[in-house]
Amino acid sequence: MNPQDIKEILYTKEDLDETVSRMAAQINENYKGKKLVVVTILKGACIFMCDLVRKLDLDVEMDFMIVSSYGSQAKSSGVVRIVKDLDQDITGKDVLIVEDIIDTGLTLKYLVKNLKSRNPASVHVAALLLKDLGNQLQPKYLGKVCPNEFVVGYGLDYDERYRNLPYIGILDEKVYSQDQDAEE
């Protein structure tokens, strides 16, 4: 990993900690006295989910899904598929989908519809980032609105790289344009 691959740091580790704390406070208030199933979308949201869950003062169960519409590409393929489903029945339970970033919203809309069909008590979304694209699904809990750039770090990746950065930054276009040029 080359630090020069990051064009600009958008959110520092401190920014992210403050954002997660604010979101956790809202979730604690809204689910007070309830049992909550936190459904995390792997792999990108894993770091965010860990930090968020540690700040919740609730009875929390965790489950994981892998839902893909990207593969190794920089842009969504438009085809959503569940690679790994939930391990538990969510019937009658309050479900909070924890997502790293919403860009087109295609994957999340599919997932919300899929989980609602399983008869939970409720399904809401907590998203760390929302790209400023307009008409996509709006999460109940939102960390930050980010520019329409390719961002990495804090779990977000490009081709499985950069997830371990403690901040979120804009990936220099030369990184993924070189990879796309090589594929053509």
Side-chain angles (χ1 to χ4, degrees), residues 1 3 5-24 26-27 38-52 64-83 95-116 123-180 183:
M1 177 175 58
D5 292 349
I6 306 303
K7 183 167 68 173
E8 174 187 344
I9 295 176
L10 285 177
Y11 309 114
T12 66
K13 182 179 183 198
E14 294 76 21
D15 293 334
L16 294 168
D17 187 56
E18 288 174 21
T19 299
V20 173
S21 293
R22 175 182 49 79
M23 293 175 73
Q26 294 170 334
I27 294 165
V38 174
V39 174
T40 303
I41 310 306
L42 296 175
K43 301 175 189 171
C46 191
I47 292 173
F48 168 48
M49 180 274 305
C50 289
D51 287 350
L52 181 68
F64 304 89
M65 295 182 82
I66 298 176
V67 181
S68 178
S69 68
Y70 281 85
S72 65
Q73 304 301 309
K75 294 190 179 188
S76 174
S77 67
V79 177
V80 179
R81 63 187 180 96
I82 294 177
V83 179
V95 175
L96 181 65
I97 300 169
V98 175
E99 180 65 292
D100 52 1
I101 188 166
I102 301 172
D103 45 26
T104 65
L106 174 71
T107 302
L108 195 55
K109 284 177 187 174
Y110 171 84
L111 185 58
V112 167
K113 182 178 177 183
N114 181 290
L115 293 182
K116 282 184 175 180
V123 175
H124 293 288
V125 175
L128 179 62
L129 300 175
L130 174 70
K131 283 196 180 177
D132 190 14
L133 300 176
N135 59 1
Q136 70 271 63
L137 189 142
Q138 298 293 314
K140 181 166 183 165
Y141 307 99
L142 175 60
K144 296 192 176 284
V145 175
C146 74
N148 186 18
E149 298 277 355
F150 198 102
V151 293
V152 294
Y154 196 67
L156 296 155
D157 76 304
Y158 170 66
D159 201 20
E160 294 300 323
R161 300 182 328 221
Y162 311 102
R163 289 189 195 277
N164 60 322
L165 295 174
Y167 57 82
I168 293 176
I170 298 172
L171 186 62
D172 194 316
E173 189 176 338
K174 73 177 190 272
V175 175
Y176 53 92
S177 65
Q178 287 172 354
D179 289 350
Q180 288 171 349
E183 290 174 5

Write down the atom of [X], the atom of [Y], and the distance for their closest heavy-atom approach.
| X | Y | value |
| --- | --- | --- |
| G44 | D100 | CA-OD2, 3.2 Å |
| I101 | C146 | CD1-SG, 4.2 Å |
| G155 | I47 | N-CD1, 3.6 Å |
| V175 | R161 | CG1-NH2, 3.2 Å |
| L142 | R22 | O-NH1, 3.2 Å |
| Y154 | D51 | OH-OD2, 2.6 Å |

When rounded to the nearest 0.5 angstrom, what distance separates [atom1] in [X] from [atom2] in [Y]?
| X | Y | atom1 | atom2 | result |
| --- | --- | --- | --- | --- |
| F48 | L129 | CZ | CG | 8.5 Å |
| K7 | E173 | NZ | CD | 7.0 Å |
| T19 | Y11 | OG1 | OH | 8.0 Å |
| M49 | L96 | CE | CG | 11.5 Å |
| K109 | I102 | NZ | CD1 | 10.0 Å |
| E149 | L171 | CD | CG | 10.0 Å |

In this structure, are over 12 heavy atoms from other groups packed under 6.0 Å from K144 atom NZ?
->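 Yes - once you tally the heavy atoms of other residues, nucleotides and ligands closer than 6.0 Å, there are more than 12.
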
Taking the inter-plane angle between the rings of Y158 and Y176 on a 0 to 90° scale, is it parallel (under 30°), tilted (30 to 60°) or perpendicular (over 60°)?
->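 Tilted, since the angle between the ring planes falls between 30° and 60°.
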
Can you check whether Q26 reaches K140 side chain to side chain, under 4.5 Å on heavy atoms?
->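 No; the side chains remain at least 4.5 Å from each other.
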
Option from I41, L130, T40, L128 for which side chain to side chain contact (heavy atoms under 4.5 Å, CB included) with E99 holds |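 For E99, the side chain to side chain contact (heavy atoms under 4.5 Å, CB included) test succeeds with only one of I41, L130, T40, L128, which is I41.
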
Test side chain to side chain contact (heavy atoms under 4.5 Å, CB included) applied to V152 and D5, I170, I6, I168, the passing residue =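 When D5, I170, I6, I168 are each tested with V152, the side chain to side chain contact (heavy atoms under 4.5 Å, CB included) holds only for I6.
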
Spell out, as yes or no, whether a donor-acceptor pair under 3.5 Å connects the side chain of N114 to the backbone of L111.
->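 Not a single qualifying donor-acceptor pair exists.
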
